[in-house]
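All of these numbers come straight from a predicted model, not from anything done at the bench. Computation of the quantities below employed the complete heavy-atom set of this structure, encompassing side-chain atoms and omitting hydrogens, waters and symmetry-equivalent molecules. A note on names: the letters A, B, ... follow the listed sequences, proteins ahead of strands, and every chain is numbered from 1.
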Number of protein chains: 2
Amino acid sequence: MASDTDDLAFDVFSRQCPSRSTLEHATGRWGSLTLGALYEESLRFNELRRRVDGVSEKMLSQTLHALERDGLVLRDAQPVNPPRVDYELTPLGREVAGRLLGLIHLVEGRMDDVLAARTRYDEARGGR
Amino acid sequence: MASDTDDLAFDVFSRQCPSRSTLEHATGRWGSLTLGALYEESLRFNELRRRVDGVSEKMLSQTLHALERDGLVLRDAQPVNPPRVDYELTPLGREVAGRLLGLIHLVEGRMDDVLAARTRYDEARGGR
DNA sequence: CCGTATCCCACTCGATACTG
DNA sequence: CAGTATCGAGTGGGATACGG
């Protein structure tokens with residue numbers, strides 16, 4: 001059924017496959033928003049922090065490190081004073097971010113449906 | 001600069017926008033794998049559990065409830081003995097899952113690059 | 001300005017046991 | 001088979017303070 005395409009070296013459905021952690025970094029709570037924000041333009045640390053509403057310094061730092069390690073984000077530190085560091089997407093990061101953004105826009109554009117579904121669900125249960 | 005397209009009612013970058021929680025349900029650790037697994041065929045609870053390697057009963061149950069509430073997954077319980085419940089995607093769930101699967105395949109197909117990037121990163125740091 | 005280090009609480013998650 | 005209930009360990013993540 002699916003085995004004709006299963007000469008894949010990596011299978012994210014398998015527990016210890018390294019691709020799963022990469023997917024989690026990219027789709028995680030802050031990862032997806034960070035990548036999405038960087039799609040339009042490269043940004044500095046605090047610009048990014050303002051754009052991704054609600055992220056703490058710690059989590060943004062952590063998120064950026066994970067994405068940089070996975071080769072999705074490039075850190076460009078310029079040795080000037082005051083220090084200036086720009087974060088931008090790598091080519092691979094751009095591909096990933098593009099798909100993420102497509103998903104984000106799809107969800108944003110269908111929130112009416114989602115909200116309606118939630119109301120229906122809650123009414124069917126709240127009755128009990 | 002982006003405001004010409006910003007007549008959007010929902011903005012996931014904003015902290016309390018409900019679209020953010022929906023995105024998190026869909027892209028979360030188990031949400032993305034669950035939706036991906038259901039894309040090919042509808043599955044029963046324990047089939048799903050076997051397919052999504054590593055998920056516990058509790059988390060699968062929780063994940064399915066969240067996705068059902070958001071209108072991405074449909075729960076079809078048949079009152080037979082032994083009980084049989086099938087989970088399938090709604091049309092919206094199918095669109096979301098399709099994009100997720102595209103992302104999954106992209107990541108799986110580029111894991112060589114990711115792994116190489118990780119090695120580079122670790123060597124540059126491990127040296128210290 | 002650009003982060004890292006530390007503390008600590010809340011909540012997530014997994015294991016186990018139990019019900020219909 | 002298809003879940004729910006409970007509990008305890010681990011960790012995600014915010015606040016704060018500090019270093020380059």
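- Within the structure, a side-chain polar atom (N or O) of A:Arg44 is placed less than 4.0 Å from OP1 or OP2 of C:dC2.
- Using modelled atom types, no side-chain atom of B:Ser14 and backbone atom of B:Asp11 make a donor-acceptor pair closer than 3.5 Å.
- For B:Glu88, there are no side-chain hydrogen bond (donor to acceptor under 3.5 Å, both in side chains) partners two or more places apart in sequence or in a different chain.
- One interatomic measurement links the two molecules: CD of B:Gln62 to P of C:dT12, which rounds to 7 Å at whole-angstrom precision.
- Proximity of residues 19-35 of chain A to DNA chain C (heavy atom under 4.0 angstrom from any strand atom) is not detected for any residue.
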Under 4.0 Å protein heavy-atom contact, by nucleotide of nucleotides 15-20 of chain C - B base, S sugar-phosphate only: B-B--B
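- Across all strands, B:Arg75 comes closer than 4.0 Å only to sugar-phosphate atoms, never to a base (heavy-atom distances).
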Name the atoms and distances for all side-chain donor-acceptor pairs under 3.5 Å in residues 59-69 of chain B, with sequence neighbours left out.
unit_1, atom_1, unit_2, atom_2, d
B:Thr63, OG1, B:Met59, O, 2.6
B:His65, ND1, A:Tyr121, OH, 3.2
B:Arg69, NH1, A:Asp122, OD1, 2.9
B:Arg69, NH1, A:Asp122, OD2, 2.5

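- The overall bend of the helix from C:dC1-D:dG20 to C:dG20-D:dC1, read as the angle between its terminal helix axes built from five base pairs each, is 50° when rounded to 10 degrees.
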Steps toward side chain to side chain contact (heavy atoms under 4.5 Å, CB included) verdict (A:Glu24, A:Arg20): CA-CA 6 Å; A:Glu24 279 166 16; A:Arg20 187 179 279 191; 3.5 Å; yes
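- Taking a heavy-atom distance under 4.0 Å as the criterion, the stretch of DNA chain D touched by chain B extends 5' to 3' from D:dC1 to D:dC7.
- Distance CG (A:Asp76) to P (C:dC2): 12 Å, rounded to an integer number of Å.
- The interatomic distance linking A:Arg50 (CZ) with C:dG3 (C1') rounds to 15 Å, in whole Å.
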